[in-house]
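Read the structure below first, then the notes.
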Amino acid sequence: MPNGGKNRRIHPGSGRRKAAAFPKGRLLKSEEAEAIAGLLGERPRRRDMLIEYLHLVQDAEGCLPAGHMQALGEELKIPMAEIYEVASFYAHFDIVRDGEERPAPVTVRVCDSLSCMMAGAGKVIAELKKKAPDTVRILRAPCMGRCDTAPVCEAGYRHLDRIDAGMVLKAVEEGRLHADIPAYKDFKSYEKDGGYSILKTCLSGERQVEKVVELLSGSGLRGLGGAGFPTGRKWSLVRAEPGPRLMAVNADEGEPGTFKDRFYLETSPHAFLEGMLIGAWAVEAEAVYIYLRDEYPAVREILLKEIAAVEGAGLADHTKIHLRRGAGAYICGEESAMIESIEGKRGLPRHRPPYVAQVGLFNRPTLVNNVETLYWVPEILDKGADWFASQGKGDAEGLRSYSVSGRVKEPGVKLVAAGTTARELVEDHCGGMLEGHAFKGYLPGGASGGILPASMSDIPLEFGKLEEHGCFVGSHAVIVLSDRDDMKAVALNLMKFFEDESCGQCTPCRNGTEKAVKLMAAGQWDPDMLEDLACVMADASICGLGQAAPNPLRSVLKFFPEDLK
């Protein structure tokens, strides 16, 4: 009998093995089971809570030990293979197998996305890796939504802005590793200034849903997370679907260069919460799920406190608010991938149709809105559709929050008229270019929106205006580039981001981004080969990530031929 079969017995005459005399696979230890039971306490044992509970374990243990994952699977009645499948999908979970060494007690994640690398993040990373003690782990990480204060890092759960290596190591040495909560308008201040008055008129019956939807439609308010779908129309479509209905809020702004949602959540969270509760009222959503990116720990603390205040005041009795925590996956900014993640699964985009407005969260019709979209709802209902619509320039309607970073003197969130141009942002709202830098180009819509030369900076940054040039405005994240920037290096940085963040579900995106990085990093570009690869990725990828990943590459080929030499 082959080695290893000595503990199995053969049933005479059958040719089949009997069951092993002991359970196969890893044996769960009692202390592991007790640790998970104690950690979960009275929390419900539901499948959709898996990612939340993985965070509980990671926060308590500093990683995900194999035994704790197995015990969690036993508690939730989920196979160990599925637990591993979900945990390994997300960047912020550290799986530790039996016998493996646990990660260092402190993790420092340094952003290596475009704005931070332009500001010197690469040098900081190299210096930290040389000087950090063994108790500190240094990792490169994608955009943290703080591009205006680049370069940045997250030490433990604390964000540090405009960093150098010494600053980071000092913060770690002093134990300053918890989220720093900024000053913001809390529930009492917001209500004192008239906040929640619009919601109260909705709940009391003074306003009809049809009139509310009509106002939003007349205002020109659109989805401001990237797609730009008319808000009033979306609410109508979801409301027309048979109940029960749900609502999901996309607060997973992972597009490099984008930080406007964080700005509003850290300054006036109740304007957003009031808009969200009006939306839940309008579509009669039984529950609302806020999906917040894990890179925003301070926002999470704010929302936990302020949601409790809203519920305590009886303003959320018509729905149930759930705050869900992402785990480091850019793909979950795509609405169907976000819904999969809320359900406790890997964030894989769904094939459509059906659309989430028809079959969304837990297979129910689901209203999905972005944070900034909901932020404007109370003010539009208070001041009227014409007030908001008239703020735009030309044929654009409304106000826009442009996240501006890069080679400008005064980066930040710029609240200006829709249809503002990149040149106006740079010259009139950002104090001009940095000293010694000349305006060379810009990203109009973050990593996926393409790159345009400065000679085309008078095009309105608005939905439908840039598509003919192979670009789009998306989430209105504008990264300004100068004559000191190598466009090949810029495009390579962006393609590496897409390679890391591809969910891996479809071949054109999974293999296409990897192949593109290799070709682009080789030195001399082959334009024909790269264009062929870009065409396949754009035409055949399942979702917007793979479809938009070639945009920066194609832009450099088209608009910056001088940088290819």
Side-chain angles (χ1 to χ4, degrees), residues 88-92 111-117 122 139-144 226 252-258 293 326-338 340-341 346-351 443 445-451 470-472 474-475 477 479 486-558 560 563-564:
S88 62
F89 182 86
Y90 296 92
H92 290 184
C111 177
D112 69 353
S113 286
L114 184 57
S115 294
C116 281
M117 292 301 282
L139 298 178
R140 301 170 77 100
C143 186
M144 297 179 181
D252 192 60
E253 61 170 359
E255 183 73 25
T258 311
R293 67 182 311 211
Y330 166 74
I331 191 64
C332 291
E334 195 276 337
E335 62 178 7
S336 66
M338 175 189 70
E340 289 286 300
S341 190
R346 293 176 295 166
L348 299 178
R350 296 177 179 177
H351 292 270
L443 282 69
S448 57
I451 309 172
C471 298
F472 55 81
S475 59
I479 303 177
D486 177 358
M487 292 302 170
K488 287 170 63 178
V490 169
L492 178 58
N493 176 281
L494 300 173
M495 189 61 76
K496 284 181 177 179
F497 169 79
F498 290 121
E499 178 190 21
D500 289 342
E501 295 298 331
S502 172
C503 74
Q505 181 177 189
C506 68
T507 303
C509 178
R510 180 184 66 247
N511 290 1
T513 52
E514 180 183 4
K515 184 66 173 177
V517 165
K518 290 180 180 178
L519 292 173
M520 295 165 71
Q524 189 67 33
W525 283 16
D526 184 331
D528 292 336
M529 183 179 293
L530 286 170
E531 178 55 38
D532 284 346
L533 180 58
C535 185
V536 172
M537 292 168 62
D539 290 348
S541 294
I542 289 174
C543 80
L545 189 154
Q547 294 163 11
N551 286 346
L553 162 62
R554 284 176 149 173
S555 295
V556 172
L557 292 173
K558 183 177 181 180
F560 301 93
D563 281 58
L564 300 180

Roughly how far, to the nearest 0.5 Å, is [atom2] of [Y] from [atom1] of [X]?
| X | Y | atom1 | atom2 | value |
| --- | --- | --- | --- | --- |
| Lys558 | Ile451 | NZ | CD1 | 13.0 Å |
| Ile331 | Met338 | CD1 | CE | 12.5 Å |
| Glu335 | Asp252 | CD | CG | 13.0 Å |
| Ile479 | Cys143 | CD1 | SG | 7.5 Å |

Would you mind reporting whether [Y] and [X] have side-chain heavy atoms less than 4.5 Å apart?
| X | Y | answer |
| --- | --- | --- |
| Cys503 | Phe89 | yes |
| Glu253 | Ser475 | no |
| Asp500 | Tyr330 | no |
| Leu545 | Cys509 | yes |

For [X] against [Y], the heavy-atom pair lying closest together:
| X | Y | answer |
| --- | --- | --- |
| Ala447 | Leu494 | CB-CD2, 3.7 Å |
| Cys332 | Tyr90 | SG-CE2, 4.0 Å |
| Cys471 | Ser555 | SG-OG, 3.9 Å |
| Glu334 | Cys543 | CG-CB, 4.4 Å |
| Thr513 | Ala549 | CG2-CB, 4.2 Å |
| His351 | Gln505 | NE2-OE1, 4.0 Å |

Which is it for Leu553 and Leu533 under the side-chain contact (heavy atoms from CB on, under 4.5 Å) test, yes or no, and what are the steps along the way? CA-CA 10 Å; Leu553 162 62; Leu533 180 58; 6.0 Å; no
Within the distance-only criterion (no hydrogens, no angle test), does the side chain of Ser341 pair as donor or acceptor with the backbone N or O of Ala337 below 3.5 angstrom? no
Would you find a donor on one side and an acceptor on the other, under 3.5 Å apart, between the side chain of Lys488 and the backbone of Gly523? yes
Should we count NZ of Lys496 as having more than 12 external heavy atoms under 6.0 Å? no
Decide if atom NZ of Lys515 counts as having more than 12 heavy atoms of other residues, nucleotides or ligands within a radius under 6.0 Å.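 Not more than 12 within 6.0 Å, no.
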Any carboxylate oxygen within less than 4.0 angstrom of a Lys/Arg side-chain nitrogen, looking at Glu514 and Arg510?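 No.
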Any carboxylate oxygen within less than 4.0 angstrom of a Lys/Arg side-chain nitrogen, looking at Glu531 and Arg554? yes
Identified side-chain contact (heavy atoms from CB on, under 4.5 Å) partner of Trp525 from the options Asp563, Leu519, Leu557, Leu492: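 The residue from Asp563, Leu519, Leu557, Leu492 that satisfies side-chain contact (heavy atoms from CB on, under 4.5 Å) with Trp525 turns out to be Leu557.
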Please lay out, stage by stage, how Ser448 and Glu255 fare under the test side-chain contact (heavy atoms from CB on, under 4.5 Å). CA-CA 8 Å; Ser448 57; Glu255 183 73 25; 3.0 Å; yes
Partners passing side chain to side chain contact (heavy atoms under 4.5 Å, CB included) against Asn493 (at least two apart in sequence or in another chain): Leu114, Met117
